[in-house]
2 protein chains.
Amino acid sequence: MRKKAQINETPICQLRMQAISDAMSVLSGKWKFHILGTLIEGNKLGFMDLLREVNGIGTKMLSKELQDLEVNQLISRKVLDTKPITVEYAITENGRTLSPLIDELANWGIAYRASILNKNTND
Amino acid sequence: MRKKAQINETPICQLRMQAISDAMSVLSGKWKFHILGTLIEGNKLGFMDLLREVNGIGTKMLSKELQDLEVNQLISRKVLDTKPITVEYAITENGRTLSPLIDELANWGIAYRASILNKNTND
DNA sequence: GAAAGTAGTTCCCTTTTGGAAACTACAATA
DNA sequence: TATTGTAGTTTCCAAAAGGGAACTACTTTC
């Protein structure tokens, strides 16, 4: 009867756990998935476009989340030389690899909600 | 030139956004994925087993996260009539549906880390 | 009788997150 | 010249999240 971790001590589990922490650290926060999802759907959006698209977000959080996403190379930011300067936010190649994950998450959420509702209906 | 949301106003996007919020609310926090992953891997673990398996977690957070997961029907809790009472935590059917999502997240994390390291190496 | 193992809870604290409102700054428009 | 639109930043605050340490309570083993 050993009293040490047995499951998560394996190198493969360590790697996966680390990978999950990595992923969570760049995807954490209330708005990241919504912003990324919006930019995957409609490509090249301005700051004010995103502010209108992402329901409920304010300028401070939008600005902060966009900076995070840019630092982590999931979106790109391009300042255009227009009068009122405009900024073009777009998904990067790296960011687009999140598409299956976002789909998976959305589909799981839909299925989960349905399963909970069924359970309650059958009670 | 309309100044209202165009992308996320569609019913399908609304549904997806809501689903993502649902999923995030039950999966939020630093430890949920680690606990769920551990319970998917090794089935039926006690409180102290989980405390040893989930690296870095303390009793307070473990207790709280397990309660959350149980309320949301992703894990089950069964008190056994043993001397020192023991408790068996296990993944539920509902919880097991997260398996593909956790895999996706872990694999994305691995690929993302590799892509960032490559980028920096090529600089 | 003391130690160790079971499974937690409670208290107190710091850090992180999120948000509202006001503000900057510049240019075109009415 | 006042308003509107661009893209943010700053300040101030409240709530949530996270964690260490001590504590409960019960039983078996040393």
Side-chain angles (χ1 to χ4, degrees), chain A residues 1-6 17 20-21 24-36 38-39 42 44-72 75-90, chain B residues 1-6 17 20-21 24-36 38-39 42 44-72 75-90:
Chain A
M1 244 177 240
R2 56 190 62 234
K3 290 297 172 193
K4 272 288 131 200
Q6 300 156 272
M17 292 291 184
I20 288 171
S21 293
M24 282 174 64
S25 81
V26 302
L27 300 173
S28 69
K30 196 173 171 182
W31 303 107
K32 300 256 165 59
F33 282 117
H34 298 286
I35 295 170
L36 288 166
T38 303
L39 283 173
K44 293 187 184 176
L45 294 172
F47 185 86
M48 295 308 282
D49 293 328
L50 284 165
L51 197 61
R52 281 182 287 262
E53 292 288 347
V54 180
N55 211 287
I57 201 170
T59 56
K60 200 199 80 172
M61 289 309 297
L62 180 56
S63 173
K64 187 223 152 214
E65 299 284 65
L66 287 171
Q67 282 170 24
D68 289 352
L69 292 170
E70 194 196 355
V71 165
N72 290 319
I75 66 170
S76 63
R77 178 179 182 274
K78 190 177 174 188
V79 180
L80 299 185
D81 192 18
T82 52
K83 352 84 235 204
I85 58 152
T86 45
V87 177
E88 252 180 25
Y89 290 98
Chain B
M1 246 178 240
R2 57 189 59 235
K3 291 298 170 192
K4 273 287 134 199
Q6 300 157 273
M17 292 291 185
I20 288 172
S21 294
M24 283 175 64
S25 81
V26 301
L27 300 173
S28 69
K30 197 174 171 181
W31 303 107
K32 299 259 166 56
F33 282 117
H34 298 287
I35 294 171
L36 288 166
T38 302
L39 283 173
K44 293 189 185 177
L45 294 172
F47 185 86
M48 295 308 282
D49 294 328
L50 284 164
L51 198 60
R52 282 184 286 264
E53 293 288 349
V54 180
N55 211 289
I57 202 171
T59 56
K60 202 201 78 175
M61 288 310 295
L62 181 55
S63 174
K64 189 223 151 213
E65 299 285 65
L66 287 171
Q67 282 170 26
D68 288 353
L69 292 170
E70 194 197 353
V71 165
N72 290 319
I75 66 170
S76 63
R77 180 181 181 273
K78 189 178 173 188
V79 180
L80 300 184
D81 191 16
T82 53
K83 351 82 239 203
I85 58 152
T86 46
V87 177
E88 253 180 26
Y89 289 98

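Proteins get letters first, then strands, A, B, ... in listed order; numbering begins at 1 in each.
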Enquirer: Show the atom names and distances, to 0.1 Å, of all donor-acceptor pairs under 3.5 Å that link a side chain in residues 82-89 of chain A to residues at least two apart or in another chain.
Expert:
residue: Thr82(A); atom: OG1; partner: Pro84(A); partner atom: O; Å: 2.9
residue: Thr82(A); atom: OG1; partner: Thr86(A); partner atom: N; Å: 3.1
residue: Thr82(A); atom: OG1; partner: Thr86(A); partner atom: OG1; Å: 2.9
residue: Tyr89(A); atom: OH; partner: Arg77(A); partner atom: NE; Å: 3.2

Enquirer: Please list residues of residues 59-72 of chain A whose heavy atoms come under 4.0 Å from any atom in DNA chain D, ordered by number; otherwise none.
Expert: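 Per residue number, the list reads Thr59(A), Lys60(A), Ser63(A), Gln67(A).
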Enquirer: Does dA7(D) have OP1 or OP2 under 4.0 Å away from a side-chain N or O of Arg52(A)?
Expert: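 So the side chain of Arg52(A) is outside the cut-off, no N or O lying under 4.0 Å from OP1 or OP2 of dA7(D).
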Enquirer: Return the nearest nucleotide to the side chain of Thr86(B); candidates are dT6(C), dA7(D), dG8(C).
Expert: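 Minimum distance to the Thr86(B) side chain belongs to dT6(C).
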Enquirer: Rounded to the nearest angstrom, tell me the gap between atom CD1 in Ile75(B) and atom P in dA7(C).
Expert: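 Atom-to-atom, Ile75(B) to dA7(C), this comes out as 13 Å.
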Enquirer: Distance check needed: dG8(C) P versus Leu45(B) CG, whole Å only.
Expert: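 Between P of dG8(C) and CG of Leu45(B): 13 Å.
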Enquirer: Can you tell me how far apart CG (Leu66(A)) and CE (Met61(A)) are? Round to the nearest 0.5 Å.
Expert: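 Here the interatomic distance stands at 10.5 Å.
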Enquirer: What is the distance, rounded to the nearest whole Å, between atom CG of Asp81(B) and atom P of dA7(C)?
Expert: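 In whole Å, dA7(C) P lies 14 Å from Asp81(B) CG.
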Enquirer: Expressed in angstrom and rounded to an integer, what is the separation of Met24(B) atom CE from dA17(D) atom C1'?
Expert: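 So the CE-C1' distance, Met24(B) to dA17(D), works out to 14 Å.
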Enquirer: How about Leu62(A) and Trp31(A): do any of their side-chain heavy atoms sit closer than 4.5 Å?
Expert: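 Of all side-chain heavy-atom pairs linking Trp31(A) with Leu62(A), none is under 4.5 Å.
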Enquirer: Roughly how far, to the nearest 0.5 Å, is the NZ atom of Lys32(B) from the CG atom of Asn72(B)?
Expert: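 Rounded to the nearest 0.5 Å, the CG-NZ separation comes to 7.5 Å.
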Enquirer: Consider the side chain of Tyr89(B), meaning its heavy atoms from C-beta on, and name the nucleotide among dG8(C), dG19(C), dA7(D) that approaches it most closely.
Expert: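 The answer is dG8(C), which lies nearest to the side chain.
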Enquirer: To the nearest angstrom, how far is Asp49(A) atom CG from dT6(D) atom P?
Expert: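 Result: 8 Å.
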Enquirer: Strictly under 4.0 angstrom, non-hydrogen atoms only: write out the protein contact profile of nucleotides 24-30 of chain C, one letter per nucleotide from the 5' end, B, S or -.
Expert: ---SS--
Enquirer: If each of Ile57(A) and Ile85(B) is mapped to the nucleotide of DNA chain C with the nearest heavy atom, which maps nearer the 5' terminus, i.e. the 5' end?
Expert: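 Nearest nucleotide further toward 5': that of Ile85(B).
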Enquirer: Please round to the nearest 0.5 Å and tell me the distance separating atom CD of Glu70(A) and atom CD of Glu65(A).
Expert: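 One finds 13.5 Å between CD of Glu70(A) and CD of Glu65(A).
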Enquirer: What is the distance, to the nearest angstrom, from the CE atom on Met48(A) to the P atom on dG8(D)?
Expert: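 To the nearest whole Å, that distance equals 10 Å.
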Enquirer: Against Leu69(A), only a single residue in Ile75(A), Leu27(A), Leu39(A), Val26(A) fulfils side chain to side chain contact (heavy atoms under 4.5 Å, CB included); can you say which?
Expert: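 Going through Ile75(A), Leu27(A), Leu39(A), Val26(A) one by one, the side chain to side chain contact (heavy atoms under 4.5 Å, CB included) with Leu69(A) is satisfied by Ile75(A) alone.
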Enquirer: Measuring from Ser63(B):OG to Leu50(B):CG, what's the distance to the nearest 0.5 Å?
Expert: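 Answer rounded to 0.5 Å: 11.5 Å.
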Enquirer: The side chain of Lys30(B) is closest to which nucleotide in this list: dA7(D), dG19(D), dG8(C)?
Expert: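 Nearest listed nucleotide: dG19(D).
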Enquirer: Taking atom CG of Asp49(A) and atom OG1 of Thr38(A), what is their separation to the nearest 0.5 Å?
Expert: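 Reported to 0.5 Å precision, the distance equals 11.0 Å.
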Enquirer: Rounded to whole Å, how long is the line connecting atom CH2 of Trp31(B) with atom C1' of dG18(D)?
Expert: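 Nearest whole value for this atom pair: 9 Å.
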Enquirer: Looking only at heavy atoms, what is the nearest atom pair of Met24(B) and Gly29(A), with distance?
Expert: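 Scanning both residues, the minimum pair turns out to be CE-O, 3.3 Å.
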Enquirer: Starting at atom CZ of Arg77(A), determine the distance to atom C1' of dA7(D), rounded to an integer number of angstrom.
Expert: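 My rounded result for the distance is 8 Å.
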